[in-house]
J.: 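Starting off with a structure, shown below.
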Number of protein chains: 2
Amino acid sequence: MRGAEINTWQAVQTEVLRRIRAHIWRPGDAIPHEEALAEEFGCARATVNRALRQLAEDGLLDRRRKAGTRVTLNPSRKAKLDIPVLRVEIESKGMRYFHEIVSREVAAPPLAARARLQAKPGEEHLHLVALHMGDDAPYVYEDRWINLAAVPKARKVDFTAISANEWLVRNVPFEGGEIAFSAVVATKRDAAILRCAQGDGLMAIDRITRRAGQVVTAVRQTFKPGYQLQAQL
Amino acid sequence: MRGAEINTWQAVQTEVLRRIRAHIWRPGDAIPHEEALAEEFGCARATVNRALRQLAEDGLLDRRRKAGTRVTLNPSRKAKLDIPVLRVEIESKGMRYFHEIVSREVAAPPLAARARLQAKPGEEHLHLVALHMGDDAPYVYEDRWINLAAVPKARKVDFTAISANEWLVRNVPFEGGEIAFSAVVATKRDAAILRCAQGDGLMAIDRITRRAGQVVTAVRQTFKPGYQLQAQL
DNA sequence: ATGGATAATAACTATATACATATTATCCGA
DNA sequence: TCGGATAATATGTATATAGTTATTATCCAT
């Protein structure tokens, strides 16, 4: 598999990678500067830069002007995982996607949710509980708050026709957010909705989405038992 | 925060991003080609390329030769999470790190583990169970198999002095692997080791590390209750 | 020694240019 | 109409060159 590059910059990159892995250049060591490597590999400095820059982005090298480039001391493996829209994820597994609204109301969020939403007391939010199904079996259910001050249009959207997730992605430009994964134990309520046993271990994903400083939406998605989140190293 | 670029390519990137988010260029739409954008922004094509290439890597654009560049239709959020060596993670939280070996034996893995290890019957592996502590409280425990055929040196390493995790990172060049996150329910044994209640929801991480086609090590790490894995969107 | 100006350095950015490559569109003959 | 050769095109890669910027090292005056 390795060594199948046609590119110069990829060839340089894998050779550098090889030297790091073979401990020819060890963690903490400085490696030759771009110009020297360019000469060694018989290519332009820009090409070396392209190779090294990406390795730095991946966390394998530390680069600083004038100080040079060194092999990262505590290499932390970076896993990239992509969180697709649930419909896409379910359909990509060959299942038929369907979703239903369990409850919908406009209300002021309770104290616990208010902090996450950065909401002032009395501010109205749309509270949605929805269930996403794969082949008629519950796959994940979500408990979501949407900030109506940030997204007034959401008040009159028919979320049975399009999931909140998808509607938001399509209609609300957003800028960032946080995501956290944790393990929870199925409550009686969880079990009833997901049709699993009370006490099962469930993966939960908490997400907050921001736009212009405001929290647009905060959601907890609770997955069916046995759900695995996979990534490549 | 936005608009604080000094670079041309970053300025181009955020402007493109803005147009995507503002739905000036909508999902599925083709955007102008590099040369046109270069002219519009008054910069070189290489600069536009740099900006767009990264957006494509982030999954916001789809680019194909001759076909051009379009806004991704089903934008799946990509979260980057880094998995540091446990010692570093624990120490970075201001806790004192300590680890102990619960059990250690050389054995042929049982059938269930053999598949994951791609091991032939009778092949010897090192089986390690270790507990990582933060401030004297259990943080995570791991059940690990190390392929002695791939890493013969491991047989006589003192893993009380350095954790297997760290020793492997430092001493075995590796090429790739898989990682999976799931939620499990604490068994009696889990509870005893982690000093938690049986039935607690625990985050589990399964990892397989390869080198030259061989599986170097397969490990399951089971975290203390309440553990959260966080990432930025 | 200490601090501050100055020089040296290595990565960072940008440009023009050129060629490679994948993919689409077109055209032509069977 | 179908298939295959051919042209057109947008992105991908590589290079030489040049200027920018952050950081370190040095040197000098106090």
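All heavy atoms count here, side chains included; hydrogens, waters and symmetry mates do not. Chain A is the first sequence line, chain B the second, and so forth, proteins listed ahead of strands; every chain is numbered from 1. All of these numbers come straight from a predicted model, not from anything done at the bench.
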J.: Might you list the N or O atoms of the protein lying below 3.5 Å from N or O atoms in nucleotides 10-12 of chain C, with each pair's distance?
T.:
{"residue": "C/dA10", "atom": "N3", "partner": "A/K66", "partner atom": "N", "Å": "3.4"}
{"residue": "C/dA11", "atom": "OP1", "partner": "A/T69", "partner atom": "OG1", "Å": "3.4"}
{"residue": "C/dA11", "atom": "OP2", "partner": "A/E34", "partner atom": "N", "Å": "3.0"}
{"residue": "C/dC12", "atom": "OP2", "partner": "A/R63", "partner atom": "NH1", "Å": "2.6"}
{"residue": "C/dC12", "atom": "O4'", "partner": "A/R65", "partner atom": "NE", "Å": "3.2"}
{"residue": "C/dC12", "atom": "O4'", "partner": "A/R65", "partner atom": "NH2", "Å": "3.0"}
{"residue": "C/dC12", "atom": "N4", "partner": "A/R45", "partner atom": "NH2", "Å": "2.3"}

J.: Side chains of B/Y141 and B/H132 only: does a donor on one sit below 3.5 Å from an acceptor on the other?
T.: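 Note: B/Y141 and B/H132 side chains miss the donor-acceptor criterion.
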J.: Would one find a side-chain N or O of A/T8 under 4.0 angstrom from OP1 or OP2 of D/dT13?
T.: no
J.: Check B/E40 with B/R45, please: is the shortest side-chain N to carboxylate O separation under 4.0 Å?
T.: no
J.: Can a donor-acceptor pair be found between the side chains of A/D158 and A/T160 at a distance below 3.5 Å?
T.: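 A/D158 vs A/T160: donor-acceptor pair found between side chains.
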J.: A/R70 CZ to D/dT24 P: how many Å, rounded?
T.: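 Checked: the CZ to P distance equals 10 Å.
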J.: For B/E39 and C/dA16, what is the distance between atoms CD and P respectively, to the nearest whole Å?
T.: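 Rounded to whole Å, this separation is 12 Å.
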J.: Does a donor on one side chain and an acceptor on the other come within less than 3.5 Å for B/Y97 and B/E89?
T.: no
J.: Counting only side-chain N and O atoms of B/T47, is one of them less than 4.0 Å from OP1 or OP2 of C/dT13?
T.: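 No, B/T47 has no side-chain N/O under 4.0 Å of OP1/OP2 on C/dT13.
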J.: If you measure only the distance, is there a donor-acceptor pair under 3.5 Å linking the side chains of B/Q214 and B/Q118?
T.: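 No, because no side-chain N or O of B/Q214 sits under 3.5 Å from a partner of the opposite role on B/Q118.
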J.: Using side-chain heavy atoms (C-beta onward) and a distance below 4.5 Å, is B/L17 in contact with B/L55?
T.: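 Side chain of B/L17 against side chain of B/L55, heavy atoms only: contact under 4.5 Å found.
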